[in-house]
Amino acid sequence: MLPVVTNSIILSAVLFSIGVLGVLVHRHPVIIFMCIELMLNAGNLALIAFNRHHWSAGYPTLDGQVYAFMVIAIAAAEVAIGLAIIVSLFKRRARVDVDEINLLRG
Amino acid sequence: MAVIAVGCALGMVTARNPVHSALWLVANLVSLAVIYLILSAPVLFAIQMIVYAGAIMVLFLFVIMFFMAPGMRQWLRPPLKSQLVLGGVLVVAFVVMLLGAFAGTDTLAPLEAERPALQTPQQQGGPPAQAPGGAQTGTPAQPAGAEEQIGVPRKLGLFMFRYHTLPFELTSLLLLAALLGAVMVARDVHGEGREHAEEHAPVAQHDAGGEVAR
């Protein structure tokens with residue numbers, strides 16, 4: 001395995017774990033969202049690294065890069081929806097703290 | 001680059017202020033984009049820069065700055081100490097688990113040996129496919145200069161529209177649905193807070209900008 005692929009996958013695991021840590025310890029919904037973005041990026045990095053690993057001249061696959069492209073698009077959609085939800089939360093209450101948001105209805 | 005990425009991620013998690021956190025995340029995304037470039041994915045490098053570091057982070061900063069009124073500082077409570085310790089322990093265990101799983105699979109062979117070769121035009125003229133064999137851990141021999149050609153836009157586009165056309169179209173549908181959903185959710189349903197009505201339009205516009213950039 002190429003050393004750059006190995007390093008990228010290790011980096012991806014570390015970044016994903018940092019994202020998990022952020023989601024666990026933070027209470028601000030926007031920061032939690034950014035940590036989710038970090039985890040998505042770690043997943044993308046793993047996809048691209050494995051794509052690089054599996055690519056060869058006889059098998060010129062780009063599946064991983066296409067999937068990463070899709071993941072970026074889906075992440076954008078998710079950010080739009082999530083931030084809209086956060087905006088409506090900010091409008092309805094003065095404090096926004098994920099420990100206190102436990103109802104599906106406003 | 002990896003060190004920069006990890007450092008920025010840690011800075012993001014430890015920052016108390018959401019704006020600082022967002023700026024750390026931008027730095028992290030840029031360093032990740034450079035790593036994509038190293039992994040011969042120039043298209044994703046460009047998309048990462050434009051969509052993530054551009055559109056998505058603008059959306060984040062927009063929301064943060066809109067709602068970070070000076071009086072709102074008090075709900076930025078620090079994380080609980082016990083939560084921090086427990087989270088740190090869990091995350092270290094998680095890293096060890098992931099790396100252990102990765103170390104256990106050192107027999108990853110390129111897929112070429114197991115799958116029929118793809119019928120892509122750029123394959124013609126290339127070297128013949130490797131003979132199917134057992135697990136080979138090394139990369140197969142490649143012609144010099146081929147590595148720089150892995151993810152060039154032309155090849156990625158051909159590959160995507162040849163093999164992944166339907167998911168691509170579904171992605172566009174999903175983005176449209178997300179755009180409409182975001183507008184609907186952020187709208188004032190009950191009519192309260194009419195004075196904030198001008199906020200909806202900029203959010204929707206940034207959203208649309210992200211989609212156009214894609």
Side-chain angles (χ1 to χ4, degrees), chain A residues 1-2 4 7-11 13-22 24-28 30-31 33-35 37-38 41 45 48-49 52-62 65-66 68-70 72-77 79-81 83-88 90-91 95-97, chain B residues 2 6 9-10 13 18 21-22 25 32 35-36 38-41 44 47 51 56 59 63-64 67 75 79 83-84 87 91 94-95 98-99 102 110-112 117 120 122-123 126-127 129-130 137 139-140 142 146 150-151 156 159-160 164 167 171 174-175 178 181-182 185-186 193 207 210 214:
Chain A
M1 195 178 278
L2 288 178
V4 62
N7 293 339
S8 298
I9 291 166
I10 292 171
L11 172 67
V14 171
L15 284 183
F16 190 91
S17 308
I18 293 173
V20 172
L21 175 67
L24 285 178
V25 303
H26 272 288
R27 292 188 209 178
H28 196 294
V30 178
I31 298 184
F33 237 73
M34 289 193 276
C35 293
E37 292 303 307
L38 186 63
N41 266 286
L45 181 60
I48 294 174
R52 179 67 192 84
H53 172 63
H54 286 301
W55 187 93
S56 64
Y59 184 69
T61 178
L62 288 174
Q65 296 195 13
V66 173
F69 179 82
M70 303 286 175
I72 288 178
I74 288 170
V79 164
I81 295 289
L83 286 179
I85 292 174
I86 292 173
V87 165
S88 68
F90 269 116
K91 279 183 191 160
R95 289 170 56 92
V96 177
D97 188 332
Chain B
V6 172
L10 282 176
V13 171
S21 197
L25 181 56
L32 269 186
I35 294 176
Y36 291 169
I38 296 173
L39 285 169
S40 41
L44 285 163
I47 290 176
V51 175
I56 291 182
L59 201 58
V63 169
I64 291 171
F67 294 102
W75 48 257
Q83 214 179 5
L84 205 57
V91 163
F94 193 60
V95 173
L98 280 179
L99 294 185
F102 177 56
L111 280 178
E112 175 188 8
T120 47
Q122 56 266 35
Q123 188 189 349
Q130 266 207 342
T137 48
T139 40
Q142 288 156 8
I150 290 179
L156 184 64
F159 192 87
M160 178 182 290
H164 299 281
T171 304
L174 176 89
L175 284 171
V185 170
D207 196 8
R214 199 159 309 110

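Values below: all heavy atoms of this structure, side chains included; hydrogens, waters and symmetry mates excluded.
Contacts between A:Leu45 and chain B at a heavy-atom distance below 4.5 Å involve backbone atoms as well as side-chain atoms. Using a 4.5 Å cut-off between heavy atoms, A:Leu21 contacts chain B through both its backbone and its side chain. Residue B:Leu39 touches chain A through both its backbone and its side chain, counting heavy-atom pairs closer than 4.5 Å.
Under the rule for a ring pair (Phe, Tyr, Trp, His ring centres under 6.0 Å), B:Tyr36 has no partner lying at least two apart in sequence or in another chain. For A:Ala75, the side chain to side chain contact (heavy atoms under 4.5 Å, CB included) partners two or more places apart in sequence, or in a different chain, are A:Glu37, A:Leu40, A:Glu78, B:Tyr52.
Most heavy-atom pairs under 4.5 Å with chain B: of the set A:Val20, A:Leu38, A:Asn7, A:Leu24, this distinction falls to A:Leu38. When the candidates A:Ile85, A:Val30, A:Ile18 are compared by the number of heavy-atom contacts under 4.5 Å with chain B, A:Ile18 comes out ahead. Of the residues considered (B:Val95, B:Ile38, B:Val91), B:Val91 shows the highest number of contacts with chain A, using heavy-atom pairs under 4.5 Å.
To the nearest 0.5 Å, the span separating CD1 on A:Ile81 from CD1 on A:Ile86 amounts to 12.0 Å. Separating the CD1 atom in A:Ile48 from the CD1 atom in B:Ile35 is a distance of 10.0 Å, to the nearest 0.5 Å. Rounded to the nearest 0.5 angstrom, B:Ile64 CD1 and A:Phe33 CZ are separated by 12.0 Å.
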